[in-house]
Protein chains: 2
Amino acid sequence: MLNKFADVENCPIRNILDRIGDKWSMLILLLLNEEQVMRFNEIHKSIDSISQKMLSSTLKSLEADDLVQRKIYPEIPPKVEYRLTERGKSLIPHLQSLVNWASVNFEDISNSRLQYAK
Amino acid sequence: MLNKFADVENCPIRNILDRIGDKWSMLILLLLNEEQVMRFNEIHKSIDSISQKMLSSTLKSLEADDLVQRKIYPEIPPKVEYRLTERGKSLIPHLQSLVNWASVNFEDISNSRLQYAK
DNA sequence: CTGTATCCGCAGCGATACTG
DNA sequence: CAGTATCGCTGCGGATACAG
């Protein structure tokens, strides 16, 4: 029935979840949506708890999905800008809808967890 | 700035992502939304690629957040029913909005990845 | 400045066996 | 039927050092 959802290769849900469901992707997408254009180190400063490695690899996978565009300026020292693609922008409203739900329900859920723990 | 998002304890986004961002939660929520009421083994049969352990622990965490309600019938053999709570139902539209986006963009994203890999 | 390379710990998850 | 307990693997992600 819904077993198709469990098939990573051919399931749209799994496919998107594997992207935005990781630790940093959604955060970076929302950040880029607010700031429009950012350099590598600007993102790093805005999210200073992310490691350089994860910032780099997360940006790569977002670029691979064409959600984020990477623009290199052949200068020394190097300058690289990141911004949302049209596809990336089209995802934002859905993410924000989730964020809103999470914000509204955050406190109640926290309380439910405390109750459950007892 | 957006560093608050990186704080697991107090960040609504992280909080919700930690829930639905795992391997099975979103799938189970959508399944329960379609079927209304399901017993443990019914869910297991619908998603036969999930292990008993993960089904059990995922349902527990969904119950802890009061997204899913667990109803036990004191019979032998035991009978347990799962269904969405009102809070769980309120999350569904946002999940489906993501699913729709994923379905629409699935093929294009797959192609982008192939291109990127070259 | 914008990354890569390497090492490694830990948590998520699966497989299997067992229980009330 | 509806779970728990235990073991073990895998890969995400962090820390650190290095590179163009």
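Order of the sequence lines sets the chain letters (A, B, ...), proteins ahead of strands, with each chain counted from 1.
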Report summary line: Residues passing the side chain to side chain donor-acceptor pair (under 3.5 Å) test with E63(A), sequence neighbours excluded, are Y116(B)

Query - Non-neighbouring partners of K60(A) that pass side chain to side chain donor-acceptor pair (under 3.5 Å), sequence neighbours left out - result: none

Requested in this report: Hey, could you give me each pair passing side chain to side chain donor-acceptor pair (under 3.5 Å) that has a residue in residues 50-59 of chain A? Not counting sequence neighbours.
Outcome: none

Query raised in the report: Can you name the residues that form a side-chain contact (heavy atoms from CB on, under 4.5 Å) with K79(B), not counting sequence neighbours?
Result: R39(B), Y73(B), E75(B), E81(B)

Report summary line: By side-chain contact (heavy atoms from CB on, under 4.5 Å), S61(B) pairs with (sequence neighbours left out) R19(B)

Query raised in the report: Can you list the residues that meet the salt bridge (charged side-chain N to carboxylate O under 4.0 Å, His left out) rule with R70(B), with sequence neighbours excluded?
Result: none

Query - Residues in salt bridge (charged side-chain N to carboxylate O under 4.0 Å, His left out) contact with E107(A), at least two apart in sequence or another chain - result: none

Report summary line: The bend of the helix from dC1(C)-dG20(D) to dG20(C)-dC1(D), taken between the axes of its five terminal pairs at each end and rounded to 10°, is 50°

Just how far is it from atom [atom1] of [X] to atom [atom2] of [Y], taken to the nearest 0.5 Å?
{"X": "L17(A)", "Y": "D22(B)", "atom1": "CG", "atom2": "CG", "value": "8.5 Å"}
{"X": "L59(A)", "Y": "W24(A)", "atom1": "CG", "atom2": "CH2", "value": "12.5 Å"}
{"X": "I16(A)", "Y": "N100(B)", "atom1": "CD1", "atom2": "CG", "value": "12.0 Å"}

Query raised in the report: When all nucleic acid strands are considered with a 4.0 Å heavy-atom cut-off, which category describes Q52(A): base, sugar-phosphate, or nothing?
Result: base

Take the protein atom [atom1] of [X] and the nucleotide atom [atom2] of [N], then report the distance between them rounded to whole Å.
{"X": "Y73(B)", "N": "dG3(D)", "atom1": "OH", "atom2": "C1'", "value": "18 Å"}
{"X": "I43(B)", "N": "dC1(D)", "atom1": "CD1", "atom2": "P", "value": "14 Å"}
{"X": "F40(B)", "N": "dG3(D)", "atom1": "CZ", "atom2": "P", "value": "5 Å"}
{"X": "I76(B)", "N": "dG3(D)", "atom1": "CD1", "atom2": "P", "value": "15 Å"}

Query raised in the report: If we only count heavy atoms from C-beta on, is the L32(A) to R83(A) side-chain gap below 4.5 Å?
Result: no

Query raised in the report: Looking at residues 56-63 of chain B, who's got a heavy atom less than 4.0 Å off DNA chain D?
Result: S56(B), K60(B)

List, with names and distances, any nitrogen or oxygen atoms from the protein found under 3.5 Å away from nitrogen or oxygen atoms belonging to nucleotides 11-13 of chain D.
residue, atom, partner, partner atom, Å
dG13(D), OP1, K23(A), N, 3.1
dG13(D), N7, K53(A), NZ, 3.1
dG13(D), O6, K53(A), NZ, 3.4

Query raised in the report: Any chance CG of L114(B) has more than 12 other-residue heavy atoms, nucleotides or ligands included, within less than 6.0 Å?
Result: yes

Query raised in the report: Taking only residues at least two apart or on different chains, which pairs with a member in residues 96-105 of chain A satisfy salt bridge (charged side-chain N to carboxylate O under 4.0 Å, His left out)?
Result: none

Report task. Could you list where the contact with chain B starts and ends along DNA chain C, reading 5' to 3', using a 4.0 Å heavy-atom cut-off? Result -> dC13(C) to dG20(C)

